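Since we're looking at a predicted model, the values are computed, not measured.
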Amino acid sequence: MAYQDKKKEGKASYPERQFYFPAQIVETFIVKGESHSARPLNRQFILSILAGAFVTFGSILSVLIALGVETKGIHNLLAGAGFVTGYAIVFISGAILFTEVNVLLPSYILQRKFWIPKQLMKFWVVCYLGNILGALLVGLLVVLSGSLSPEFYTELNVYIEHKMKFLSEGTKGWFQILLSGIIANWLIGMAAFLATAARDLTGKVLATALPVIIFVAGNFQHSVANMGYFGTAIFHSAEYTWVEFLLFNLVPASIGNLIGGGVLVALTFTYAYKEEINEEHFPREEA
């Protein structure tokens with residue numbers, strides 16, 4: 001009845017949106033990038049450690065939930081769903097993840113009138129090191145706790161074998177990992193994009209799930225995810241050394257992640273919606 005009355009008055013109302021428009025998402029990225037980079041280094045470091053820890057929990061669940069599943073498609077789907085938990089915790093808690101920063105910080109930089117490279121470089125380095133430390137911390141605690149079965153570590157080594165399969169390809173394999181890293185952070189950037197669009201917790205989790213399942217199922221090289229897998233295996237029975245992991249996986253994957261997040265997400269969307277970005281009405285509450 002109330003709707004009919006409003007319709008007669010020419011004031012028919014629409015339900016409130018449960019998502020942000022793309023330009024509003026970019027504005028939120030800018031605000032979050034500014035907020036994260038403005039924090040004191042010690043707080044940045046703590047939030048970065050937490051992000052590395054949460055992603056490692058996701059990597060552990062991705063192995064556990066798919067353990068013993070022989071059908072490849074279902075196995076990949078379950079592994080991806082397990083990993084979603086880690087990313088959902090990161091996005092909702094405000095922890096600082098290197099691959100999310102690769103989207104947030106370039107969005108912020110592109111809106112500035114001048115560059116502040118020293119402060120931003122510190123932030124990137126602190127975030128990266130914090131993620132590694134968080135991954136190692138969880139890996140060490142899990143191994144020392146003795147909570148997981150030998151079957152888990154056998155399956156974990158299979159995952160790492162997939163991540164390190166490019167080692168035998170030499171220089172070609174190094175660049176393949178870089179390209180795979182571009183794809184991975186493109187997808188994780190879109191996970192951040194979609195999660196930012198959602199206005200409730202359920203929407204954020206579901207939005208995170210779509211791109212994360214793709215990157216896990218496709219074995220694309222996500223640097224922090226790889227830290228999670230290797231950070232647990234290294235304390236138990238890793239088949240590869242830290243030098244091999246760093247030089248022939250983590251370094252090229254990280255470079256690819258920077259390109260995928262900074263160029264294919266931050267730059268493209270910031271440029272596409274630059275006319276609609278309103279600097280006077282940035283959503284500061286999102287920071």
Side-chain angles (χ1 to χ4, degrees), residues 14 16-39 44 47-48 51 84 87-117 119-121 123-124 127-128 181-212 214-215 220 222-224 254-287:
Y14 293 88
E16 185 177 347
R17 281 187 296 111
Q18 295 299 310
F19 60 92
Y20 276 173
F21 290 137
Q24 294 173 313
I25 297 170
V26 175
E27 291 173 352
T28 304
F29 279 175
I30 294 167
V31 170
K32 286 184 177 179
E34 179 183 13
S35 174
H36 281 331
S37 62
R39 282 192 177 92
Q44 292 175 1
L47 290 173
S48 300
V84 168
Y87 287 102
I89 296 172
V90 168
F91 292 151
I92 293 170
S93 69
I96 302 177
L97 187 67
F98 171 71
T99 45
E100 185 187 11
V101 167
N102 293 342
V103 177
L104 300 182
L105 217 52
S107 300
Y108 171 52
I109 292 171
L110 291 168
Q111 287 300 115
R112 293 193 59 82
K113 309 301 182 189
F114 56 90
W115 287 63
I116 45 174
Q119 177 186 347
L120 296 180
M121 285 302 296
F123 176 41
W124 245 306
C127 174
Y128 194 76
I182 292 175
I183 298 171
N185 214 152
W186 192 358
L187 288 168
I188 291 303
M190 290 312 302
F193 194 90
L194 297 177
T196 301
R199 297 292 84 216
D200 56 53
L201 291 180
T202 302
K204 288 183 181 294
V205 173
L206 291 176
T208 300
L210 300 176
V212 169
I214 297 173
F215 109 74
F220 299 120
H222 182 281
S223 56
V224 186
S254 300
I255 295 171
N257 291 165
L258 281 167
I259 298 170
V263 176
L264 297 179
V265 180
L267 179 60
T268 53
F269 281 111
T270 302
Y271 179 77
Y273 295 106
K274 65 177 181 178
E275 302 299 333
E276 301 170 44
I277 295 173
N278 189 342
E279 296 185 34
E280 296 180 0
H281 296 94
F282 278 171
R284 299 292 175 185
E285 70 278 2
E286 293 289 339

Novice: For C127 and S48, which heavy atoms make the closest approach, and how far apart are they?
Specialist: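 Shortest heavy-atom separation between C127 and S48 comes out as CA-OG, 3.2 Å.
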Novice: For F21, does its backbone N or O pair with a side-chain atom of Q24 as donor and acceptor, under 3.5 Å?
Specialist: yes
Novice: Can you confirm whether I188 sits close enough to Y87 that some side-chain heavy atom of one is under 4.5 Å from a side-chain heavy atom of the other?
Specialist: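 SC-SC contact between I188 and Y87 confirmed.
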Novice: How far apart are the closest heavy atoms of K204 and R199, and which atoms are they?
Specialist: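 The pair with the smallest heavy-atom distance is NZ-NH2, 3.9 Å.
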Novice: Does some side-chain heavy atom of V205 sit less than 4.5 Å from a side-chain heavy atom of I92?
Specialist: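 Heavy-atom side-chain distance check passes, below 4.5 Å.
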Novice: Could you give me the CA-CA distance, side-chain angles and deciding distance for H222 and F215, then say whether side-chain contact (heavy atoms from CB on, under 4.5 Å) is met?
Specialist: CA-CA 8 Å; H222 182 281; F215 109 74; 3.4 Å; yes
Novice: Nearest 0.5 Å, what's the CZ-CD1 distance between F220 and I182?
Specialist: 12.0 Å
Novice: Testing F269, Y20, W186 for ring-ring contact (aromatic ring centres under 6.0 Å, His included) with F193, which one passes?
Specialist: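 It is F269; the other options fail the test.
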Novice: Is the gap between the ring centers of Y128 and F98 under 6.0 Å?
Specialist: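 Ring-ring flag for Y128/F98: true, centres closer than 6.0 Å.
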Novice: Hey, could you give me the OG1/CD1 distance between T270 and I25, rounded to the nearest 0.5 Å?
Specialist: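 Rounded to the nearest 0.5 Å, the OG1-CD1 separation comes to 11.5 Å.
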Novice: What is the minimum heavy-atom distance between A195 and A207, and which atoms define it?
Specialist: N-CB, 3.7 Å
Novice: Look up atom OG1 in T196 and atom CZ in F91, then write down how far apart they are to the nearest 0.5 Å.
Specialist: 7.5 Å
Novice: Taking all non-hydrogen atoms of both residues, which atom of T99 and which atom of N185 are closest, and how far apart?
Specialist: O-ND2, 2.9 Å
Novice: Determine, step by step, whether L104 and I96 satisfy the side-chain contact (heavy atoms from CB on, under 4.5 Å) criterion, reporting the C-alpha distance in whole Å, the side-chain angles of both residues, the deciding distance to 0.1 Å, and the verdict.
Specialist: CA-CA 10 Å; L104 300 182; I96 302 177; over 6 Å; no
Novice: Taking all heavy atoms of T208 and all of P211, pick out the closest pair and write down the distance.
Specialist: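 Smallest heavy-atom distance, with atoms named: O-CD, 3.4 Å.
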Novice: Taking all atoms of both residues into account, what is the closest heavy-atom pair of N257 and A184, and its distance?
Specialist: ND2-CB, 4.2 Å
Novice: Nearest 0.5 Å please: distance from the CG atom of L97 over to the CD1 atom of I89.
Specialist: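 Rounded to the nearest 0.5 Å, the CG-CD1 separation comes out at 12.5 Å.
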Novice: Using atom types as modelled and distance alone, determine if a side-chain donor or acceptor of S35 lies under 3.5 Å from a backbone N or O of V31.
Specialist: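 Checked: no pair found.
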